[in-house]
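Contents: one structure, followed by commentary.
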Amino acid sequence: MRRLFYLELRRVVTTRTTWVLMTAIILLSAVMAYFPASFVSAYQADGQGNVTKLKGTEAIRYLKESEAGIGGEITEEKLRQAILSFQECYRQYGSAFPPELPMEIYAEKIEPYYPVLKMAAAVLAPEGVWLETMTDADISPEDAPQFYEKYRERMTERGKTEAEQERIRKLNEEVKTPFTYVSGFSSESLDYLILYFLLMLFAIVMILCPVFSAEYQTGADSILRCTKYGRIQLAVVKAAVSVMIFAVIFLAGTGIFLLVTNLLFGTEGLKTSVQMINSVFVIPALTAGQTQAAAAGAGFLSLLSMAGFTLFLSARCGNVQDTMKIALPCCLLPTIIYMLSSANVANIVRALLPSGGLGLMNSFLYELLGNNFAHIGPFTIWMPHLILGAAVAEIPLFFILAVRTYCRREA
Amino acid sequence: MELEICDITRQYKDKCAVDHVSLTLTPGVWGLLGANGAGKTTLMRMIAGIQKPTSGCIKYDGIRIEALKEGYRDIFGYLPQEFGFYPGFTVKDYLEYIAALKGLTRKETKQRISTLLERVSLKEVRNKKISRLSGGMKRRVGIAQALLNDPEVLVLDEPTSGLDPGERVKFRNLLSEFAHDRIVLISTHIVSDIEYIATCNAVMKDGKIIATGKTEELVQMVAGRVWSAGIDGRELGACENQVMVVNVYNEGNGDVRLRYLSDAPVIPGSEKEEPRMEDLYLWLFPESAGKERM
C-alpha cells in the first residue's frame with residue numbers, strides 16, 4: 001500500500017494541471033500577504049508645518065512610534081486623553097479630520113489616538129454616531145471610567161433575541177478588560193488571508209475534480225477495478241493522496257502568507273485584543289494573533305471539507321467536466337446565499353455547506369468578528385460554532401462517501 | 001480450474017444485453033464470437049466483476065466471484081475494448097502502477113515488466129508516454145498490463161484490433177504459450193485469430209449463447225454449405241444478389257472466383273469447399289456483411 005501511495009502521489013503531482021496550480025497558489029501567497037502592508041499609510045508631521053504621507057512598511061514603522069503612547073492596556077486614562085485630544089481639535093477647528101483640521105494637527109493629535117478614539121466613539125457616542133460623524137458633544141472624558149461597563153452592555157444589546165443576548169453575555173464574559181493594543185496589526189491582512197483561502201479553494205477543487213472522474217472518462221477505471229487493490233484500497237489511497245496534496249498546499253501557502261505578513265507588520269501587534277482590530281463589538285476573547293490562528297484553522301477545516309466534497313463529486317460524476325460544473329459553483333454558493341438572504345434558514349444552509357466557512361463576506365472570520373446566530377429548534381448557535389461543527393462532521397462524511405461511491409460504482 | 005457462468009442476465013432499461021447465459025470455461029483459449037451488440041462486452045465485463053448481473057452468478061472453482069473479492073482479482077487479467085490510461089504515464093510508469101495495484105513486489109514488478117516488454121516488443125519505447133504511441137503499441141501496452149500478474153483467468157476484449165498482421169501472429173503465439181493451464185477468453189471480430197488458437201468457442205447472438213464447441217465442431221454447422229465457383233467478372237453483381245459471398249478472388253483474365261454460402265450449389269460448376277470459421281461467422285451473422293441469409 002505504501003508503494004501504491006507513492007506511485008499515486010507521483011502520478012498526481014506530475015500531472016501538469018496539478019503542479020502548475022500548486023506552484024501558482026503557493027507563490028501567490030507571498031504576493032497576497034504583501035498587499036495589505038503596501039496599503040498602510042500614515043501622515044508624518046515634521047513640526048515645521050510640513051506633512052509627509054508615508055506608505056507601506058515605512059508607514060507601519062512610523063505608526064508603531066506614533067502610537068507608542070497608547071500601547072499596552074487601554075486604561076481609563078488613555079481613553080480620557082484620547083477623548084480630550086479629540087475635543088480639543090473639534091472645538092478649535094469644527095472637525096477632527098482634514099480638510100477642516102490641518103493635516104499637521106491631525107498627524108499630531110488624532111492619528112496617534114485613532115484606534116482608541118474609534119473604539120471610544122463606537123461605545124460611548126450615541127447609537128448611529130461613529131468617529132467620523134461624532135461631535136465634541138457626543139462624547140466626554142468623564143465617560144471614560146464607564147467605558148468597559150458600557151461596552152458589555154452594548155455588546156449584549158447586539159443580540160436580537162433574549163436567547164441571543166444570553167449567548168453573547170456568556171461568550172463575552174471571558175473577554176479581558178482593559179483591552180490591549182500594540183501597534184502593528186492590520187485587519188486587512190486578515191481580509192487578504194480570507195481572499196487567499198477563496199483562491200486556494202478554487203485551485204484545490206480544480207486539482208481534485210479529476211481524481212476519480214478522469215478515470216471514468218478515459219476508461220482507465222475498467223482496468224484498475226479488476227486489479228487486486230483496485231477497489232477500496234485504491235479509493236483510500238486516492239483520498240489519502242488528495243489530503244496530502246491539500247495539506248501541502250495549505251501548509252506551504254498559509255505558512256508563507258503568515259510568515260510574510262508577520263515579518264512585514266511585526267509580531268508584537270498580534271497581542272492586540274481582537275476588539276481593537278476593526279469593530280469593538282466582537283464577541284470572543286481573542287488576541288489578533290489568536291484570531292489569525294483561528295481564521296487559519298477554520299480555513300483548513302472548511303477547505304478540507306470542500307476537498308472531501310469534491311472527491312465525492314468526482315467519484316459520482318462520469319467525467320471531469322460534470323464534476324467541475326457542480327463543484328465550482330458550490331465554492332461560491334455560501335456567498336450567493338449570503339447575498340440573497342440573511343434569514344435564519346439561509347444562514348443555516350450556508351453554514352452547513354462544505355464551503356460554508358469560505359467566502360468574501362460570509363467567511364468564518366467575518367462570522368467570528370460578527371454577531372450572527374442560527375436558530376435550530378430550541379438551540380441558539382453562534383454562527384462560527386455552526387460552521388466549524390458542520391466542517392468537522394462533513395470531513396469524514398464526504399471522504400467515506402467518496403470511497404464508498406467509487407467502490408459501489410460499476411465501471 | 002473452472003469458471004462457471006450460471007444463468008446470468010443483464011437487463012438495461014430497454015434492452016437485455018445478456019440473456020440467461022450459462023457457460024463453463026475450462027483451461028484453454030476460448031473464442032467469443034458475435035456481431036456488434038451481441039452482448040460480448042457486457043458478458044466480459046460481468047466476468048471481470050466490473051458490472052453486476054441483473055440475475056445469475058459467476059463462480060470460480062465453485063465460489064461466487066463477489067465472495068472471492070481480492071482473491072479473484074488477484075488471479076484475473078483484463079483488457080477492455082477501450083484501453084484507458086493516464087495520459088501523462090510512460091509505458092514503464094503505467095506498468096509499475098498497475099503492478100502495484102496487482103500486488104506485485106518491487107522485484108517481481110521489475111522482472112515481469114522487463115519480460116513482458118520484451119514479449120510485446122515495447123522495450124524500445126518503455127520511457128515514452130503512452131499517449132504518443134501508435135494504436136497498435138497502445139494495444140500491446142494493454143495486453144502487457146493484463147498479463148502482469150500472470151493471471152489464471154485472462155479476459156481480452158478485441159485484443160488484436162489495431163495490430164498489424166505480424167503483431168497479430170506474435171500475439172497469437174504469446175497467448176498460445178500462456179494459455180497452458182489457464183482460462184483465456186477472447187472476443188474478436190478477426191475470426192482468423194480465434195481459428196488459429198481457440199480450443200473452444202462460444203457464439204453469442206442477441207444476448208444469448210447460440211453455440212459452443214471446438215472450432216472443427218462448430219464449422220460443421222456450415223458443412224456442405226460452402227461453395228466456390230469461377231464466373232465472368234461481369235456476372236459478379238448478379239451473383240452477389242443470389243448468394244452470400246464470402247470472398248472474391250480476381251483470377252486476372254476478367255474472371256473471378258467466388259467463395260459463397262448456400263444450402264445448395266447455385267452457380268454452375270460450383271465445387272464444395274472445406275468450411276472455415278469465417279464461413280460460420282457470416283452464416284450466423286449475415287447482417288454483419290450487410291446481407292440476409294439466402
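Please read all numbers here as calculations on a predicted model, not as lab measurements. These numbers come from the heavy atoms of this one structure, side chains and all, not from hydrogens, waters or symmetry mates. Every chain is numbered from 1, with letters handed out A, B, ... down the list of sequences.
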Using non-hydrogen atoms and a 4.5 Å limit, figure out which bit of A:Gln217 sits close to chain B: side chain, backbone, both or neither.
neither
Rounded to the nearest 0.5 Å, what separation is found between the [atom1] atom of [X] and the [atom2] atom of [Y]?
| X | Y | atom1 | atom2 | value |
| --- | --- | --- | --- | --- |
| A:Leu7 | B:Leu101 | CG | CG | 8.5 Å |
| A:Leu4 | B:Glu96 | CG | CD | 12.5 Å |
| B:Gln51 | A:Arg225 | CD | CZ | 11.0 Å |

With a sphere of 6.0 Å drawn around [atom1] of [X], does it hold more than 12 non-hydrogen atoms of other residues, nucleotides or ligands?
| X | atom1 | result |
| --- | --- | --- |
| A:Phe202 | CZ | yes |
| A:Arg316 | CZ | no |
| A:Tyr34 | OH | no |
| B:Glu82 | CD | no |
| A:Leu251 | CG | yes |
| B:Lys138 | NZ | yes |

Any [X] side-chain heavy atom under 4.5 Å of [Y] side chain:
| X | Y | answer |
| --- | --- | --- |
| A:Arg231 | B:Lys69 | no |
| B:Asp74 | A:Thr227 | no |
| A:Ile223 | B:Phe85 | no |
| A:Lys228 | B:Phe76 | no |

Mind checking which of residues 9-24 of chain A sit less than 4.5 Å from chain B, heavy atom to heavy atom?
A:Arg10, A:Arg11
[X], part contacting chain A, at a heavy-atom distance under 4.5 Å:
| X | result |
| --- | --- |
| B:Asn149 | neither |
| B:Thr90 | neither |
| B:Gln145 | side chain |
| B:Tyr72 | neither |

Is a side-chain N or O of B:Arg73 found less than 3.5 angstrom from the main chain of A:Cys226, in a donor-acceptor match?
no
A:Glu8 versus B:Tyr97, side-chain donor and acceptor atoms under 3.5 Å
yes
Taking every heavy-atom pair that is under 4.5 Å apart, which of B:Ile98, B:Ile75, B:Asp93, B:Leu79 has the most such pairs with chain A?
B:Asp93
